[in-house]
Amino acid sequence: MAILVIKHSALGDMILSLPLFRAIRRHHPGEHIVLLTTAPYVDLIRRSGLVDEIWTDMRPKLWQIEATWRLIRRIRDTRFSRVYDLQGSQRTKWYYRLLRLSGVRPEWVGNAPGCAYHIPDPTGPMHITELRRQQLALVGIPDPGLPDLDFLQSDIAGFNLPPRYALLVPGGAPHRPAKRWPAEHFAALGNRLLAKGLTPVLIGRAAERTEIEAIKAACPSAVDLCERTSITDLAALGRQAALAIGNDTGPMHIIAASGCPSLVLYSQESDPRKVSPRGDWVRLLQRPSLQDLSVEDAEAALPPMR
């Protein structure tokens with residue numbers, strides 16, 4: 001027997017989905033579990049060992065009939081006994097409809113109208129982990145719990161970090177700048193952390209280079225790891241950091257899930273009631289505009305450091 005799990009993106013959602021994959025694996029011992037996902041997450045899931053096979057979904061436009069039907073035929077021909085739709089998008093609802101048209105009707109666990117185990121879309125704010133918990137409960141799968149990133153191991157000795165450091169994550173979606181706390185505030189907080197014996201370590205990608213250079217200029221003792229860290233590095237750094245502070249962005253999901261005491265900053269651009277990092281020590285701080293979040297308020301909200 002084979003089981004299909006569908007989860008396309010994004011990075012934070014994928015980290016939050018790891019407990020779901022683990023719970024599904026435990027619920028279907030001995031069955032062949034296939035994950036349908038997108039290319040950026042193949043390596044992460046392969047490292048986890050939580051599924052037996054990974055299919056990459058190129059997510060063709062639904063009007064690209066040949067490519068879409070090629071995927072539907074592949075699903076049909078594999079004869080899955082059950083499908084867990086953990087994406088719950090309009091696309092995956094169409095997959096459900098097209099699969100029915102192809103003549104195959106596996107047990108579908110998702111939000112597609114008419115499916116065997118239907119979880120309705122929430123009418124109000126609900127964290128995605130709670131929604132998925134309720135979804136799995138429909139088929140008798142118990143609470144999946146928190147993400148476990150023990151499988152992400154990396155040697156970070158080459159970064160030559162001091163024994164006590166704090167991670168600063170000033171990035172965020174490039175097309176949503178309102179999700180970013182001002183760089184000068186990160187720099188000011190970095191200098192305050194230095195006074196407490198913590199070296200700020202700056203995490204980011206090319207899209208955050210401008211912010212990180214500004215922070216480094218105002219906080220010269222900070223360590224710049226921009227464009228130098230992988231997902232496995234982030235997990236390893238999080239395990240050893242005293243604390244972390246960052247915007248609503250994927251790396252904070254990894255760092256928080258690694259067990260690092262974390263403060264995640266939100267503006268009105270996103271709703272932490274729907275999606276936010278999960279971990280043993282996670283605090284959330286929201287303002288209508290992050291321009292109005294003072295350094296003093298952020299410092300006061302920091303979780304107890306390790």
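Computed from a predicted structure; not experimentally measured. Just the heavy atoms: all of them, side chains too, but no hydrogens, waters or symmetry mates, feed the values below.
Counting heavy atoms from C-beta on, the side chains of R176 and K179 come closer than 4.5 Å. Between R82 and I24, every side-chain heavy-atom pair lies at or beyond the 4.5 Å cut-off. Residues F21 and L86 are in side-chain contact: their nearest non-hydrogen atoms beyond the backbone lie under 4.5 Å apart. No side-chain heavy atom of R105 sits less than 4.5 Å from a side-chain heavy atom of L99. Contact check for I3 versus V51: no side-chain heavy atoms found under the 4.5 Å cut-off. With a 4.5 Å cut-off on side-chain heavy atoms, I45 and M14 count as touching. In this structure, D297 and R287 have side chains that are in contact, with non-hydrogen atoms separated by less than 4.5 Å. At a threshold of 4.5 Å between non-hydrogen side-chain atoms, the residues L4 and I6 count as touching.
The heavy-atom pair separating L131 from P120 by the smallest distance is CD1-O, 4.1 Å. Smallest separation of non-hydrogen atoms from A39 and T56: N-CG2, 3.8 Å. G279 and V282 make their closest contact through N-CG2, 3.5 Å (heavy atoms, listed as atom of the first residue, atom of the second, distance). In terms of heavy-atom proximity, R283 sits nearest to P304 at NH2-CD, 3.7 Å. Residues P144 and A23 approach most closely at CB-CB, 4.1 Å, considering heavy atoms. In terms of heavy atoms, K93 sits closest to A112 at CG-CA, 4.1 Å.
From L11, atom CG reaches atom CG of D13 across 9.0 Å, with rounding to the nearest 0.5 Å. In this structure, the separation between CG on L193 and OG1 on T199 is 9.5 Å, given to the nearest 0.5 Å. The CZ atom of R306 sits 9.5 Å away from the CZ atom of R164 when rounded to the nearest 0.5 Å. One finds the CE atom of M126 at 12.0 Å from the CZ atom of R273 (value rounded to the nearest 0.5 Å). Atom CZ of R239 sits about 12.0 Å away from atom CD1 of I255, to the nearest 0.5 Å. Distance check: L290 CG to E269 CD gives 9.5 Å after rounding to the nearest 0.5 Å.
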I would like to know whether H185 and L293 meet side-chain contact (heavy atoms from CB on, under 4.5 Å); could you show each step before the answer? CA-CA 9 Å; H185 290 1; L293 174 61; 5.7 Å; no

Which is it for H253 and R278 under the side-chain contact (heavy atoms from CB on, under 4.5 Å) test, yes or no, and what are the steps along the way? CA-CA 7 Å; H253 284 264; R278 287 292 187 257; over 6 Å; no

Please lay out, stage by stage, how L189 and I245 fare under the test side-chain contact (heavy atoms from CB on, under 4.5 Å). CA-CA 10 Å; L189 181 61; I245 178 172; 3.3 Å; yes

Apply side-chain contact (heavy atoms from CB on, under 4.5 Å) to the pair C260 and W281, showing each step before the final yes or no. CA-CA 7 Å; C260 181; W281 298 288; over 6 Å; no

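Panel note: side chain D52, backbone I33; a donor-acceptor pair is recorded below 3.5 Å. Proximity of a side-chain donor or acceptor of T37 to a complementary backbone N or O of K7 within less than 3.5 Å is detected. In this structure, K216 contributes its side chain and D224 its backbone to no donor-acceptor pair below 3.5 Å. R46 places no side-chain N or O within donor-acceptor distance of the main-chain N or O of E53, the cut-off being under 3.5 Å. Side-chain atoms of T38 do not come within 3.5 Å of backbone N or O of P40 as any donor-acceptor pair. Proximity of a side-chain donor or acceptor of N247 to a complementary backbone N or O of T249 within less than 3.5 Å is not detected. Under the 3.5 Å distance criterion, the side-chain polar atoms of T92 are left unmatched by any main-chain donor or acceptor of Y95.
Ion pairing of E66 with R73 is absent here, as no side-chain N (NZ or NE/NH1/NH2) approaches a carboxylate O to less than 4.0 Å. Salt bridge absent: R180 and D248 never bring a charged side-chain N and a carboxylate O closer than 4.0 Å. Taking 4.0 Å as the cut-off between side-chain N and carboxylate O, R192 and E296 count as a salt-bridged pair. Ion pair E130/R133 flagged as a salt bridge, since at least one NZ, NE, NH1 or NH2 atom sits closer than 4.0 Å to an Asp/Glu carboxylate oxygen.
At a cut-off of 3.5 Å, with distance as the only test, a side-chain donor of H8 or D57 sits close to an acceptor on the other residue. Looking at S102 and R100, their side chains never bring a donor and an acceptor atom within 3.5 Å of each other. If you check the side chains of Y117 and D85, you find no donor sitting under 3.5 Å from an acceptor.
Aromatic pair F186/W181: centroids less than 6.0 angstrom apart. For H28 and Y84, the distance between ring centers is under 6.0 angstrom. Aromatic ring centres of W55 and F80: separated by under 6.0 Å.
Hydrophobic clustering of Ile, Leu, Val, Met, Phe, Trp and Tyr side chains at less than 4.5 Å, counting indirect connections, keeps L237 apart from L263. In terms of hydrophobic clustering, with Ile, Leu, Val, Met, Phe, Trp and Tyr side chains grouped at heavy-atom distances under 4.5 Å, V42 and I15 are assigned to a common cluster. Residues L198 and I203 do not share a hydrophobic cluster, clusters being chains of Ile/Leu/Val/Met/Phe/Trp/Tyr side chains in contact below 4.5 Å.
The only option from I231, D233, L234 that meets the side chain to side chain contact (heavy atoms under 4.5 Å, CB included) definition with L152 turns out to be I231.
R91 forms no cation-pi arrangement with W94, by the criterion of a distance under 6.0 Å to the ring centre and an angle within 45° of the ring axis.
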